[in-house]
Amino acid sequence: MSIEAKNISKKFGQFAALDNVSLTIPSGELVALLGPSGSGKTTLLRIIAGLEFADSGTILFDGEDTTHRTARDRRVGFVFQHYALFRHMTVFENIAFGLKVRPRSVRPSKEQIHAKVHELLGLIQLKNLSGRYPSQLSGGQRQRVALARALAVEPSVLLLDEPFGSLDAKVRLELRRWLRQLHDEVHITSVFVTHDQEEALEVSDRVAVMNEGRIEQVGSPDEVYHHPNTPFVYNFLGSVNLFHGRMDDEIPAIHEAATGDFVYVRPHLLEIQRQPNGGSNFRAVIKHINSAGPLVKVEALSEWGAPVQVEMSQEKFQELQLAKEETVFIIPKELKVFHKAI
Amino acid sequence: MATTLPLSTRGLLPAQRVATAATGESAVVRWVLIGVAVLFLALFIFLPLAIVFSQAFAKGIGPYWASLRQPDALSAIRLTLLAAGIAVPLNLVFGVAAAWAIGKFEFFGKSLLITLIDLPFSVSPVVSGLIYVLLFGLQGVLGPWLARHNLQIIFAVPGIVLATIFVTFPFVARELIPLLQAQGQEEEEAALALGASGWQTFFRVSLPNIKWGLLYGVILCNARAMGEFGAVSVVSGHIRGRTNTMPLHVEILYNEYQFSAAFAVASLLALLALATLLVKTLVEWRARRQLAESARWDGEEQIA
């Protein structure tokens, strides 16, 4: 089922959580709403779910206006950040809940419910824990139960609010791969909210980057990462160095004295050399080196006194044999120029 | 500071020993404090309780039963049960509704509602009784209209029930508000999103989550409803066999120097208090055990 949000605005008191936001989610896609906290991503998700209502704008499911329908009538599966499992019910009862509360005329039989729950327990690989209470499960297990519970009612749309936000790093990685896999199998239109750019880029078909109640850019992970529309998107999707600069004959260059444009360079797109190469470069003093990890992170101080971050491969680092307090030349390999600051 | 701390507690692995060493008092201070507490309890709680029962049975078990089987005593017991039987369910429904509204929703006038719920706690019971006399009494605001329609509220059962409802108003709501506030509404939202109706959400999700707090509130509410003296005394009119509740009956008997009869009825109230305490302890114990259970599992999960 496709989802369309048109011109959604929502205020909480004086605070504009969403400001005229429009977003179209094609049927069967897995879309990430990515943004810092307070950017309105959770509010948008809750409005799509019908747990919150917009001040203005419309929500369409498959072209049908659902703006004024409640969560109950929208048939959405919602997964909460803190699981929101029913704490007095076992895993089995939690998953069966959505089926058991149906009106008698459309309620499946006991056997059907039993079969459905066991099918889902198999899917989340928790078959032997069906009698446990939520408090007896680990965080990752709880989140999987929450997902199974949402899927039990066979929703037309699956909405996940920071689904892995409160899990530790390792479980998070595992679970998001699992979610991607699940989506490839079930193909249910899914929207998930996250503030973790890595998670958004890895899991989703498309990413909507949000900031201050607006959508900055919507596109495939590749698109938003390599062709950011705004400084904010560039900045949010990875660490970045900010310089002043200008266009020299269509070629962007860093000129600290020039005040015209802002130049952004990702740390791995800066190269360190001992000799100036004649092109665009500047002098810097190395202040700190962190070589633990796949990439070596170097912090330097530019000739005009601004901190610069550079990332390079371990091989390159071995080759250069850099030392602290050494003066080097930094050569930008790829610049991104925006005419306005963030 | 931080570096010396691990040194000073080295070797004192069990948490209790650390606590005693760090925060404990010397043996003398400990025994004096415990002694004072025990003496206080004995003087103000155990001794009076013992006297109630010893006085009640002072003339033997025969007169004890006889004084309880007096028509006036029976009528007082019936009236007390009736008043509590009406007040407690009403305040149960009201308390849950109010706590639900306050705990789960934001609305205009919320703090005013909370203040109103607390009002019966802050007003003297005698004053609350008086309010009803001024409102429904013959000289009161609604008195003439009530008299014309042959409705008697003051010095009759309805007045006693009203006064009881008023003074026991806050118990259930007060018990539940912090509980509901702490729980938030994610579980309810989850239930709604899964297709449950409002009532299904309430009975299947919200109510089970507050059942121990609710039971506790009802127990306290019931104890107060049966034991209430001041407010009921003002509106009752002390008509024997008709508008006397147990506490009022005790007072009348006592004033008439029928000590053992007075203490016999009083012992019933004391028994009720003891039973309430027992149930309350059981409820707390069960609730705590459930908490401990989940905490234990949480702990294991962190270790694993």
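Within every chain, numbering begins at 1; the chains are lettered A, B, ... in the order of the sequence lines, protein sequences first and strands thereafter.
Neither the backbone nor the side chain of A:R75 comes within less than 4.5 Å of any heavy atom in chain B. When heavy atoms are compared at a cutoff of 4.5 Å, A:A150 approaches chain B solely by way of its backbone atoms N, CA, C and O. Using a 4.5 Å cut-off between heavy atoms, B:Q185 makes no contact with chain A at all. Of the two parts of B:T201, neither the backbone nor the side chain holds a non-hydrogen atom closer than 4.5 Å to a non-hydrogen atom of chain A. Contact of A:L85 with chain B is made through the backbone alone, with heavy-atom distances under 4.5 Å.
Looking at heavy atoms from C-beta onward, B:E189 lies out of side-chain contact with A:F78 at the 4.5 angstrom threshold. Counting heavy atoms from C-beta on, the side chains of A:F97 and B:V205 come closer than 4.5 Å.
In this structure, the separation between CD on B:E186 and CG on A:L51 is 9.5 Å, given to the nearest 0.5 Å.
Within 6.0 Å of atom NZ in A:K6, 12 or fewer heavy atoms from other residues, nucleotides or ligands are found, so the atom counts as exposed in its surroundings.
Between B:L194 and A:V153, the closest heavy-atom pair is O-CG1, 3.8 Å. Nearest heavy atom pair, residue A:A84 against residue B:E187, reads O-CG, 3.9 Å.
The stretch residues 98-120 of chain B places none of its residues near chain A, where near means some heavy atom under 4.5 Å from a heavy atom of that chain.
Side-chain atoms of A:R72 do not come within 3.5 Å of backbone N or O of B:A193 as any donor-acceptor pair. The backbone N or O of B:R204 lies less than 3.5 Å from a partner atom in the side chain of A:H88, making a donor-acceptor pair. Using modelled atom types, one side-chain atom of B:Q200 and one backbone atom of A:V101 make a donor-acceptor pair closer than 3.5 Å.
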